[in-house]
Amino acid sequence: MPETVLELQDLEVSFDTSQGEVQAIRGVNLCVKKGEIVCIVGESGCGKTVMCQSVMRLLPKQARIKNGSIWLCGKEITDCSDKELRMMRRTAMSMVFQDPLTTLNPTIPVGKQIMEILLKSRRISRKDAREKVLDILREVGIEDAERRFHLQPHFLSGGMRQRCVLAAALISEPQLLFADEATTALDVTVETKILDLLLEIREKRGLSLVFVTHDLGAAARIADRVAVMQAGEIVETGTAKEVFYAPHHPYTRKLLSSHPMFRPSGIHGTAAGPPDGRVSKSRKILEVQHLRQYFVVRDRLTVRAVEDLSLAIQEGETFGLVGESGCGKSTVARSLAALYRPTGGAVLYEGTAVAGEGARKEQQKKMRQEMQMIFQDSAAALNPRMTMEQIISEPLRIQRPGMEKGCRRDRLEEVLRQVGLPLSVVSRYPGELSGGQRQRAAIARSLISDPRLIIADEPVASLDISTQAQIITLLEQLIQERRFTLFFIAHELSLVRRICDRTGVMLKGRLVELAPTGELFGNPRHPYTKSLLSAIHLPDPVRERSRKLVDYDRGEPLGERMVERETGHFVLE
């Protein structure tokens with residue numbers, strides 16, 4: 001019988017807050033065997049991360065283990081000294097945190113950060129340590145590892161930062177790895193490769209893995225057992241087949257029913273998206289003409305993030321953009337918002353340039369008054385020194401300075417209800433909220449001024465599946481009611497299929513395919529699009545474990561021009 005690596009017995013964790021004691025973990029019992037993968041699923045704020053932090057003993061100061069015991073590799077560690085815990089974190093256990101931007105030191109190159117972990121955990125020369133770091137970076141899917149070894153985190157995309165954090169956690173070869181939303185920021189193809197990589201590492205090293213995720217498809221692919229958490233308690237456990245095919249608890253059934261595969265595509269149940277009449281086919285609200293966006297990182301090192309990209313978004317349209325992490329999606333979003341000065345080409349708002357060639361400041365000011373942006377990383381986007389009331393209400397204070405305080409408060413309460421946040425969050429700071437709650441606050445901030453255009457960069461990536469469904473349903477309702485235009489970036493292709501009218505596919509800074517969403521998903525033309533669609537995860541363990549990724553050779557040269565195959569369907573050839 002396999003030995004037990006981790007065992008939690010009646011674990012209780014509480015937080016001391018200004019409103020009194022808040023019990024985050026309520027009598028949790030969990031056992032993880034050697035070489036076993038246990039997936040923890042549940043809504044944001046249910047206690048998944050706190051449970052992992054309790055074992056790592058990385059709880060915030062206001063939290064305390066109130067009751068119960070923690071056993072690691074046969075040793076009771078609940079009352080271990082700090083010195084003993086530091087040693088165990090270097091050799092016995094490690095953790096991949098949810099937010100890579102706050103995990104990595106912004107001033108130190110990522111390769112050097114990972115190398116320092118190795119140098120402190122074992123006797124090894126700096127030369128050998130560097131080679132091991134390069135190997136692990138390649139192993140987790142970072143191309144051109146030698147060059148990116150020397151880059152600071154802010155030069156990397158969100159997905160690449162997440163891969164660096166995963167490499168840092170694996171470099172010391174721990175016996176137990178906690179992965180807290182370790183694949184959240186990754187596109188579906190890279191996510192599949194990372195999941196398969198974790199399975200390979202488990203086989204090679206006998207690694208035990210506690211995998212915290214809101215992606216039920218990812219859990220179906222790798223989990224030996226699944227534990228479902230609700231309000232600090234584990235309400236159901238079982239093998240992947242037992243939980244996904246025959247769930248017993250009502251909450252588990254609710255989670256499964258929230259998955260996009262069980263919901264109709266399009267706002268009115270069609271794969272093509274919203275009905276005709278809402279979208280103005282003759283009026284372009286936003287347009288990009290031959291956009292080029294280069295970044296000079298160091299002398300003789302230029303990153304070509306976007307190369308000769310052209311597209312137009314119609315008023316009232318929901319336009320989706322998908323592609324692997326690092327392909328330039330977020331750069332396009334920031335360029336559309338005129339946050340970047342283009343290297344070449346132009347961005348037009350209602351036919352007038354707001355960035356690049358011929359840009360006019362008055363039109364740029366008009367666009368910024370009518371546009372809001374939802375950033376990918378809510379932890380970095382929200383000011384940690386402001387309360388949530390100040391953060392969410394800020395657009396109203398700036399754009400409508402004469403608005404009465406009572407009216408502003410009423411509007412605040414309305415958007416909080418819309419995004420599913422309790423009124424009690426208004427007095428809290430971003431650091432006091434879970435990752436999902438912070439993302440909902442970021443969405444509330446974008447909605448409060450009733451914008452005409454929203455640019456959303458991975459707006460639901462950090463949310464659990466049931467909250468994703470709520471937010472997407474909310475966006476669908478708001479699009480119909482307020483008729484705003486949405487530029488929607490996502491790596492969850494099921495959500496794109498459900499909400500978007502048209503979808504563009506990016507690869508290495510180029511737009512390789514553009515078509516109505518139903519047609520793109522039903523009849524993809526470009527090989528890379530086929531690869532993306534083959535990687536969509538579903539909460540079906542049998543299908544997930546037998547499914548093979550249709551790989552695409554990213555070294556292949558891309559075409560030179562977009563060719564219209566059929567009406568509205570363009571492919572780079």
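This is a predicted model, so every value here is computed, not measured.
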Asker: Could you go step by step and tell me if E43 and K254 meet the salt bridge (charged side-chain N to carboxylate O under 4.0 Å, His left out) rule?
Answerer: CA-CA 11 Å; E43 293 178 317; K254 174 191 170 187; 3.4 Å; yes

Asker: Kindly indicate whether the side chain of V13, heavy atoms from C-beta on, has any atom under 4.5 Å from the side chain of K66.
Answerer: no

Asker: Before giving the answer on side-chain contact (heavy atoms from CB on, under 4.5 Å), spell out for I374 and Q439 the whole-Å C-alpha distance, their side-chain angles and the decisive distance to 0.1 Å.
Answerer: CA-CA 9 Å; I374 305 171; Q439 195 64 33; 3.7 Å; yes

Asker: Working to the nearest 0.5 Å, report the span between OH of Y349 and CD of E370.
Answerer: 3.5 Å

Asker: If the test is salt bridge (Lys or Arg N to Asp or Glu O under 4.0 Å), which one of R360, R283, K284 qualifies with E350?
Answerer: R283

Asker: Are L511 and F570 packed together at the side-chain level, in the sense that at least one heavy-atom pair is separated by less than 4.5 angstrom?
Answerer: no

Asker: Is a side-chain donor or acceptor of S446 paired with a backbone partner of M373 at a separation under 3.5 angstrom?
Answerer: no

Asker: What side-chain donor-acceptor pairs closer than 3.5 Å can you find for residues 335-348, not counting sequence neighbours?
Answerer:
{"unit_1": "S335", "atom_1": "OG", "unit_2": "Q293", "atom_2": "OE1", "d": "3.0"}
{"unit_1": "S335", "atom_1": "OG", "unit_2": "T331", "atom_2": "O", "d": "2.8"}
{"unit_1": "T343", "atom_1": "OG1", "unit_2": "Y294", "atom_2": "N", "d": "2.8"}

Asker: Side chains of H491 and E324: any donor to acceptor distance under 3.5 Å?
Answerer: no

Asker: Return yes when atom NE2 of H154 has more than 12 non-hydrogen atoms of other residues, nucleotides or ligands closer than 6.0 Å, and no otherwise.
Answerer: yes

Asker: Within the 4.5 Å heavy-atom criterion, are L520 and R497 side-chain neighbours or not?
Answerer: no

Asker: So, Q390 side chain and T387 main chain: donor-acceptor pair closer than 3.5 Å or not?
Answerer: yes

Asker: Do V41 and T252 come close enough that some side-chain heavy atom pair is under 4.5 Å?
Answerer: no

Asker: Got a sec: does the CD of E404 have more than 12 other heavy atoms crowding it under 6.0 Å?
Answerer: no

Asker: Quick check: does any side chain N or O of Q23 sit under 3.5 Å from a backbone N or O of E12, one acting as donor and the other as acceptor?
Answerer: no

Asker: For a side-chain contact (heavy atoms from CB on, under 4.5 Å) check, start with the C-alpha distance between Q62 and T17, then their side-chain angles and the critical distance, and finish with the verdict.
Answerer: CA-CA 7 Å; Q62 66 269 31; T17 70; 5.6 Å; no

Asker: Can you tell me how far CD1 of I454 sits from CG of L447, rounded to the nearest 0.5 angstrom?
Answerer: 5.0 Å

Asker: Does the K329 side chain pair with the main chain of M506, one donor and one acceptor, at a distance under 3.5 Å?
Answerer: no

Asker: Which pair of non-hydrogen atoms, one from K48 and one from G42, has the smallest distance, and what is that distance?
Answerer: NZ-O, 2.9 Å

Asker: Hey, is the main chain of T318 close enough, under 3.5 Å, to the side chain of D501 for a donor-acceptor pair?
Answerer: yes

Asker: Side chains of E357 and Q289: does their closest heavy-atom pair fall under 4.5 Å?
Answerer: no

Asker: Roughly how far apart are S494 OG and F521 CZ, rounded to 0.5 Å?
Answerer: 7.0 Å

Asker: Set out, in order, the CA-CA distance, both residues' side-chain angles and the distance that settles side-chain contact (heavy atoms from CB on, under 4.5 Å) for T103 and R161, then state yes or no.
Answerer: CA-CA 9 Å; T103 301; R161 287 195 293 265; over 6 Å; no

Asker: Compare every heavy atom of S449 with every heavy atom of L396, then report the nearest pair and how far apart it is.
Answerer: CD2-CA, 4.0 Å

Asker: Closest approach of T485 and G316, non-hydrogen atoms and distance?
Answerer: OG1-N, 2.8 Å

Asker: Less than 4.5 Å apart, any side-chain heavy atom of M51 and any of I40?
Answerer: yes

Asker: With rounding to the nearest 0.5 angstrom, report the CG to CZ distance, L416 to R411.
Answerer: 10.0 Å

Asker: Are any of the side-chain heavy atoms of F484 and I285 separated by less than 4.5 Å?
Answerer: no

Asker: So how far is it from S14 OG to R26 CZ, rounded to the nearest 0.5 Å?
Answerer: 8.5 Å

Asker: Apply side-chain contact (heavy atoms from CB on, under 4.5 Å) to residues R57 and I65 and explain how you reach the verdict.
Answerer: CA-CA 9 Å; R57 297 295 294 278; I65 296 176; 4.1 Å; yes

Asker: Which heavy-atom pair separates L216 from P539 by the least distance, and what is that distance?
Answerer: CB-CB, 3.9 Å

Asker: Got a second to check how far L475's CG is from I443's CD1, nearest 0.5 Å?
Answerer: 6.5 Å

Asker: If the threshold is 4.0 Å, N to carboxylate O, is there a salt bridge linking E315 and R452?
Answerer: yes

Asker: Using side-chain heavy atoms (C-beta onward) and a distance below 4.5 Å, is E458 in contact with S330?
Answerer: no

Asker: State, to 0.1 Å, how close V306 and L291 come at their nearest heavy-atom pair, and which atoms those are.
Answerer: CG1-O, 3.7 Å

Asker: With a 3.5 Å distance limit and no angle check, can you tell me whether Q372 reaches the backbone of P451 through a side-chain donor-acceptor pair?
Answerer: no

Asker: Return the minimal non-hydrogen interatomic distance between M388 and A441, and the atom names on each side.
Answerer: CE-CB, 3.3 Å

Asker: Taking NZ, NE, NH1 and NH2 as the nitrogens, is one of them in E413 or R409 under 4.0 Å from a carboxylate oxygen of the other?
Answerer: yes

Asker: Tell me whether R445 contacts the main-chain N or O of I391 through its side chain, where contact means a donor paired with an acceptor under 3.5 Å.
Answerer: yes

Asker: Quick test of your reading: applying salt bridge (Lys or Arg N to Asp or Glu O under 4.0 Å), list the pairs with at least one residue in residues 431-444, sequence neighbours left out, ordered by first then second residue.
Answerer: none

Asker: Is it the case that the side chains of T183 and E191 hold a donor-acceptor pair, with the cut-off being a distance below 3.5 Å and no angle test?
Answerer: yes

